[in-house]
Amino acid sequence: MLKENYETVEKKICAACERAGRKREEVTLIAVSKTKPVEMLKEVYELGERNFGENKVQELTAKFEELPGDIHWHMIGHLQRNKVKYLVDKVCLIHSVDSLRLACAISEEAQKHHCIVPVLLEVNVAGEESKFGISLEKAEELAEEAAKLPGIRIEGLMTIAPYVDDPEENRPVFRKLKELSVDIGRKNINNVHMTILSMGMTGDYEVAIEEGATMVRVGTGIFGERDYGKQQ
Ligand SMILES: *Cc1c(COP(=O)(O)O)cnc(C)c1O
């Protein structure tokens, strides 16, 4: 099942790239493995996948210990400042920076570990109250302030689009995030790179790719539905 799912997602990514006149290499697939057992991650790893996304610190660090060292781990969920210390030397990218306070905490831990942590700013494009993320209006200011901190590098933007039945409904959301990244990029702020756009999930990643996503985060489409009842 995993192999079929994975190949289907891969085909759809290729087709979306083609429609958009983009190269397949411009888009990184992140296999979102939250709630799934390491056996399943191993299977997807064997198919060639090296980018995995988790939304809980404890789950990410546990899986980090059990799986091969050449995996790129992505922290895609809301992050509490007191948990940053467990993460900074294990993740390749934190997608969910939405406040200066969190950026400061990452900066402090990065300095302790003598590393540079690449981050994305999470933007709540649709302004949904139930979601984390900074508003479109405040994103640039956060980029400017966070960019001054040592030990962190701003690589781009991330958004979680609303849950919709028709993915076309999210096209304007993706377009707005792309526009914002172009706007911020044009400001040439020191230490701010707008090279990554993390947007699109199982329901809407093809539309996101058409609108310029460079990273898509696909969970259900690869691993199947999540059963939160049986979570360890
Ligand atoms: C769970 C999750 C995903 C993947 O969601 P699917 O709809 O299962 O593809 C993507 N991004 C974030 C931030 C998530 O928490």
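Computed from a prediction, not measured in an experiment: that's the story for all the values here. Counting starts at 1 for both ligands and their atoms, following the listed order.
No donor-acceptor pair under 3.5 Å is formed between the side chain of E141 and the backbone N or O of K138.
The V218 neighbourhood of ligand 1 comprises atoms 9 (O), with distances under 4.0 Å to a heavy atom of that residue. Every atom of ligand 1 with a heavy atom of T202 under 4.0 Å away is listed here by number and element: 6 (P), 7 (O), 8 (O), 9 (O). Taking a cut-off of under 4.0 Å to the non-hydrogen atoms of T220, the atoms of ligand 1 that pass are 6 (P), 7 (O), 8 (O), 9 (O).
With hydrogens and angles left out, the side-chain atoms of T214 and E26 include no donor and acceptor closer than 3.5 Å.
Across all their heavy atoms, F223 and A31 have their closest contact at CE1-CB, 3.9 Å.
Here M75 contributes atom CE and E59 contributes atom CD; the two are 10.0 Å apart, rounded to the nearest 0.5 Å.
Using a 4.0 Å cut-off between a side-chain N of Lys or Arg and a carboxylate O of Asp or Glu, E168 and R171 qualify as a salt bridge. Taking the charged nitrogens against the carboxylate oxygens, R153 and E155 do have a contact shorter than 4.0 Å, which makes a salt bridge.
Considering M199, K56, M201, K34 only, the shortest heavy-atom separation from atom 14 (C) of ligand 1 involves K34.
Inclusion of G221 in the set of residues having an N or O under 3.5 Å from an N or O of ligand 1 is not warranted. Taking any N or O of R217, backbone or side chain, at least one lies under 3.5 Å from an N or O belonging to ligand 1.
Among protein heavy atoms, atom 12 (C) of ligand 1 sits closest to I76 CD1, 3.5 Å.
Under a 4.0 Å heavy-atom criterion, H95 is not in contact with ligand 1.
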